[in-house]
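Residue numbering restarts at 1 for every chain, and letters A, B, ... go by the order of the sequence lines. Just the heavy atoms: all of them, side chains too, but no hydrogens, waters or symmetry mates, feed the values below.
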Amino acid sequence: MEKPGLPSGTRDFGPETMIQRKYILSIMQQVFESHGFGALETPALENLKTLQGKYGEEGDQLLFKVLNSGDFLSKADNQWLAEKNSKALAPSISDRGLRYDLTVPMARFVVMNRDKISFPFKRYQMQPVWRADRPQKGRYREFWQCDIDVVGANSIVSEAELIEMYQEVFAQLKLGVVIRINHRGILDAFVPMAGSLEAWQQFMIVIDKADKIGSDGVVKELNERGLCNTVAAWEFLEKTQELPTNEDKLAALRSFADGLNNQEFKERLVRGVFDISKILTLVESNQNVHLDVSLARGLSYYTGTVMEVVVDDGKVPADFKIGSIGGGGRYDNLTGMFGLKDVSGVGVSFGLDRIYDVLQAAALLPSAGTEKHESCLVCAMDEACLDYAYDLCNRLRKQGEKIELYPGTPKLKKQLEYANQRNFGSAIIIGDSEMEQKTYVMKNLVTGAQETRKFPQ
RNA sequence: GCGGUUAUAGCUCAGGUGGUUAGAGCAUCAGCUUGUGGCGCUGAGGGUCGCCGGUUCGAGUCCGGUUAAUCGCCCCA
């Protein structure tokens, strides 16, 4: 016999878990809608052409590709097939893949529906995404993202609003968080120092890990990767990072900009500093919004502000470690990749599954509850009473009662055990005598008391 | 793609240095209780010890391989 199992990195969510997941989702939905964001859903499957080239080289490799249907091998590339070169063969046997995030499908939707959309387009989207990487703690192959995006407006009031929406959601979830914020323009300033765009990209990957591997670790890894001339850049960033307040950091960046010769990168840096400063002013309470000059974020489509949410709450056990539980940023070129130019967008994502894991570790999820609920289970003693019981159910339900009929007529003991396990507050018992007398027995499952009532007309 | 750990009943796990018929708790089913639940007691069913091979008189236990899960690395929510 075949033993059932799940593919690695995927999970089932039973009724108890779903109550808790929906609790999180409903808070987000309420906040999103209160800010005027409308719902969007897109298919799990997208054309690979839509997805590829948006997430960087690493991201492309993590795309789940779906085999073409039918006799796909007849169209396969013979050379690569013979050489068993899977990577090169893939494009000839797979045209579609599972979405990797919600931002790119949204951008595709915007471009395809530009005639129907009134810009700025504000949408929220809460759906699963798939990534073919090695699962581990807090890391799944199928997981849910909850995205909010503003497309077609380049004012940074959107950034401020999104940050405040992060704050609202996590406040309602009673979870303390820190929102780390940075600007690609600030990091761009180090391209000349790195020497090449490629070296700069590697530099960003390394400094992004600063909070994990420490400053010494960053220096070590930069040297190992042969990025010796970026060490000075890191030393400046590190010194900036150690400054106590956002204002101090911004001031340090401004004076750094004054010393830059390259006009183009100087302008980008100044712009970045200006934007961050403005956002921090707009956000009403910005104590938990920290400028973090080492924050880079992996997705290659970000061009302006980048942000990330990390847990900062004493209720979470100290040994519970998980990466960021949300992130996002501004992207100026995403729709441009699909042929719609000069449309700027900004959006953030909530990582539902990690938020769930954190809330569980912090004991902040609503418990399944041992209290009896108000539903009533109707138990019929035998087949002859079942019609009568079914009729009674319908009548009581029409009176507004929450009522369920046990589907079948096993022993009463068994039916009452079921009522207990499901936490019914009361049970109705129907036997021959009740049927004859046109009554029913109502039993309170908490107190055990029971009384006979008349069958409703 | 690279390392570490684990794999025994439906679930969670025990099973020193190899040795009769592989155990427990929970869950399931039945009975104590003919139309009354939670608690309790009694009993029953349920196993190719992941898979393949090796060492041995003898392997759940030791060795090699393999598959899967899981935790790290890379990268990311």
Could you tell me which residues satisfy side chain to side chain donor-acceptor pair (under 3.5 Å) with A:Asp313, sequence neighbours excluded, listed by chain and number?
A:Lys315

For [X], which residues count as a salt bridge (Lys or Arg N to Asp or Glu O under 4.0 Å) partner, sequence neighbours excluded?
X        : result
A:Glu451 : A:Arg453
A:Arg99  : none
A:Lys209 : A:Glu221

Which salt bridge (charged side-chain N to carboxylate O under 4.0 Å, His left out) pairs, counting each pair once, include a residue from residues 26-48 of chain A, with sequence neighbours left out?
A:Glu46-A:Arg108

In residues 352-361 of chain A, which ones come under 4.0 Å of RNA chain B, going by heavy atoms?
A:Arg354

Pairs flagged by ring pair (Phe, Tyr, Trp, His ring centres under 6.0 Å) wherever residues 195-217 of chain A is involved - sequence neighbours left out:
none

Range-with-range stems of RNA chain B (Watson-Crick or G-U pairs under 3.5 Å, three or more in a row):
B:1-7 with B:67-73, B:10-13 with B:23-26, B:28-32 with B:40-44, B:50-54 with B:62-66

Residue pairs passing the side chain to side chain donor-acceptor pair (under 3.5 Å) test where at least one lies in residues 172-183 of chain A, sequence neighbours excluded
A:Gln30-A:Gln172, A:Arg180-A:Asp292, A:Arg180-A:Glu308, A:His183-A:Asp275

Nucleotides 65-71 of chain B: protein proximity per nucleotide (B base, S sugar-phosphate only, - neither; heavy atom, under 4.0 Å)
----SSS

Taking only residues two or more places apart in sequence, or in another chain, which ones meet A:Arg96 in a side-chain contact (heavy atoms from CB on, under 4.5 Å)?
A:Leu45, A:Asn47, A:Asn68, A:Ser69

Report each atom pair, protein N/O against N/O of nucleotides 29-38 of chain B, whose distance is under 3.5 angstrom.
from, atom 1, to, atom 2, distance (Å)
B:C29, OP1, A:Lys414, NZ, 2.3
B:G31, OP1, A:Lys411, NZ, 2.9
B:G31, OP2, A:Lys411, NZ, 3.2
B:G35, O6, A:Ser433, N, 3.4
B:G35, O6, A:Ser433, OG, 2.6
B:G35, O6, A:Glu434, OE1, 3.4
B:G35, N1, A:Glu434, OE1, 3.0
B:G35, N1, A:Glu434, OE2, 3.1
B:G35, N2, A:Glu434, OE2, 3.2
B:U36, O2, A:Lys443, NZ, 3.0
B:U36, O2, A:Gln450, OE1, 3.1
B:U36, N3, A:Gln450, OE1, 3.0
B:U36, N3, A:Gln450, NE2, 3.2
B:U36, O4, A:Gln450, NE2, 3.1
B:G37, O2', A:Asn420, ND2, 2.5
B:G37, N1, A:Leu445, O, 2.5
B:G37, N2, A:Lys372, NZ, 3.3
B:G37, N2, A:Asn420, OD1, 2.6
B:G37, N2, A:Leu445, O, 2.6
B:G37, N3, A:Asn420, OD1, 3.2
B:G37, N3, A:Asn420, ND2, 2.9
B:G38, O4', A:Asn420, ND2, 3.3
B:G38, N1, A:Leu445, O, 3.3
B:G38, N2, A:Leu445, O, 3.4

